[in-house]
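To start, the structure itself, in structure tokens.
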Amino acid sequence: SSPLSATACSISSEVVVLSPLHIVWLCMSTRTQPAGSGSARCGWRAIAAGAGADTVGNRTWHDRGVRWRPRRKRIMFVTGASGFLGRHLVAASESGEWELFAPASRVLDVRDRARVHEEIGSWRPNVVVHLAYRPDDRRTIVDGTRNVAVAAAAAGSRLLHMSTDLVFAGRPLPYTEDDEPDATMQYGRWKAEAEREVRESGAAALVVRASLMYGTDHLSPQQHDVEAVLSGRSTLRFFTDEYRCPAHAADIAAAMRLLF
């Protein structure tokens, strides 16, 4: 069965715990961006017209038809921005503080090492948020994470990597950041491998372990499953031997932004 997530809130020099998340300080760095505010480097925002558009939240991202302007804001590079949590993170980060670069998966396949290094290396974002995954694809979870983490390290960017409480098998007591992953599910084992790739990449990185997520405007896959059962469209049976800590995706996104 799946783990009981930690419910305590504590702060130390090495670990920050925000219920119901595990936020793991893997590496801290004082490296600064070579291209600061007012520098000659450029950032971009895609215009909302033309073919090949991908809508994320209220913003449309394109791989064609961009307009250039001087870079004055901090850049956040997000993989998996069109996913459930990604939509909430984009919505929470659309203030004047950040310039978002959120390529679609067909534009940036995280399994393509050369492409990942090219994109992150050319933009040198202040923060890379890695959300992209496919639950049934080890290459995307493990190799993709390695590619993103190593590229972030090379670019001098901070990395925030999204993981899961399923890296643990489950036990009667809450887990802490000091506990070693012992996943029994294949997906959890792959995510634990991905965490190790982040740790070994040399990036200034944080790993966030979340449990079940739900939303309001955008529903999670689990909410859609429940909705289908209640409407009679599905006979799916749910677990009865797990204790999880559901959290609203908007709250997780807000907590993640505090870590930038």
Side-chain angles (χ1 to χ4, degrees), residues 1-9 17-23 54-59 78-92 102 104-106 110 129-142 144-145 161-175 179 181-195 207-257:
S1 62
S2 299
L4 300 172
S5 297
T7 57
C9 178
V17 184
L18 294 178
S19 174
L21 306 180
H22 276 186
I23 300 175
D54 288 280
T55 301
V56 179
N58 295 320
R59 183 170 293 173
V78 185
T79 71
S82 61
F84 176 63
L85 179 58
R87 289 174 178 268
H88 287 84
L89 180 63
V90 167
S105 59
R106 61 178 175 75
V110 295
V129 182
H130 182 42
L131 305 178
Y133 79 103
R134 292 174 182 168
D136 58 350
D137 184 1
R138 181 187 180 279
R139 286 190 60 211
T140 297
I141 293 175
V142 180
T145 296
H161 171 66
M162 193 67 194
S163 190
T164 173
D165 63 350
L166 293 177
V167 298
F168 298 117
R171 68 184 187 190
L173 297 176
Y175 284 92
D179 290 314
D182 60 348
T184 56
M185 296 177 59
Q186 180 172 262
Y187 171 69
R189 290 195 294 268
W190 290 344
K191 293 296 282 187
E193 286 186 61
E195 289 188 9
V207 170
V208 178
R209 294 170 181 157
S211 188
L212 291 175
M213 289 184 282
Y214 65 96
T216 303
D217 296 329
H218 303 291
L219 302 184
S220 71
Q222 291 80 10
Q223 286 177 282
H224 284 297
D225 288 341
V226 172
E227 187 179 52
V229 171
L230 293 177
S231 66
R233 292 182 286 109
S234 171
T235 58
L236 179 69
R237 298 183 65 181
F238 298 95
F239 57 80
T240 58
D241 61 344
E242 297 180 6
Y243 291 88
R244 306 288 292 276
C245 288
H248 199 289
D251 293 333
I252 294 178
M256 292 170 69
R257 285 191 70 248

Under 3.5 Å donor-acceptor, S220 side chain and M213 backbone: yes
Value rounded to 0.5 Å, distance of CZ in F84 from CD1 in I252: 8.0 Å
Do the side chain of R244 and the main chain of P246 share a donor and acceptor less than 3.5 angstrom apart? no
Taking all atoms of both residues into account, what is the closest heavy-atom pair of A81 and A102, and its distance? CB-CB, 3.5 Å
Tell me whether R189 contacts the main-chain N or O of V167 through its side chain, where contact means a donor paired with an acceptor under 3.5 Å. no
Over all atoms of both residues, closest heavy-atom pair of A192 and P181: CB-CB, 4.0 Å
At their closest point, which heavy atom of A194 faces which heavy atom of H161, and how far apart are they? CB-NE2, 4.0 Å
Is a side-chain donor or acceptor of S163 paired with a backbone partner of V207 at a separation under 3.5 angstrom? no
With T216 as partner, the option from H88, Q223, H248 fulfilling side chain to side chain donor-acceptor pair (under 3.5 Å) is H248
Donor-acceptor pair, side chain of R139 and main chain of V142, under 3.5 angstrom: no
Give me the atom names and distance for the closest heavy-atom approach of L131 to G86. CD1-CA, 3.5 Å
Taking all non-hydrogen atoms of both residues into account, name the closest pair between P174 and D179 and its distance. O-OD2, 4.5 Å
Can you give me the closest heavy-atom contact between W190 and I141, atom names plus distance? O-CG2, 3.6 Å
Identified side chain to side chain donor-acceptor pair (under 3.5 Å) partner of T145 from the options E195, H130, E193: H130
Could you check whether any side-chain heavy atom of R257 comes within less than 4.5 Å of a side-chain heavy atom of L89, counting everything from C-beta outward? yes
Within the structure provided, determine whether Y214 and L219 are in side-chain contact (heavy-atom separation under 4.5 Å). no
How far does OG1 of T235 sit from CZ of R237, to the nearest 0.5 angstrom? 9.5 Å
Check the angle between the aromatic planes of Y133 and Y187 and answer parallel, tilted or perpendicular using the 30° and 60° thresholds. tilted
pair K191-R209: side-chain heavy atoms closer than 4.5 Å: no
Show the numbers, then the answer: is there a side-chain contact (heavy atoms from CB on, under 4.5 Å) between R138 and Q186? CA-CA 9 Å; R138 181 187 180 279; Q186 180 172 262; over 6 Å; no
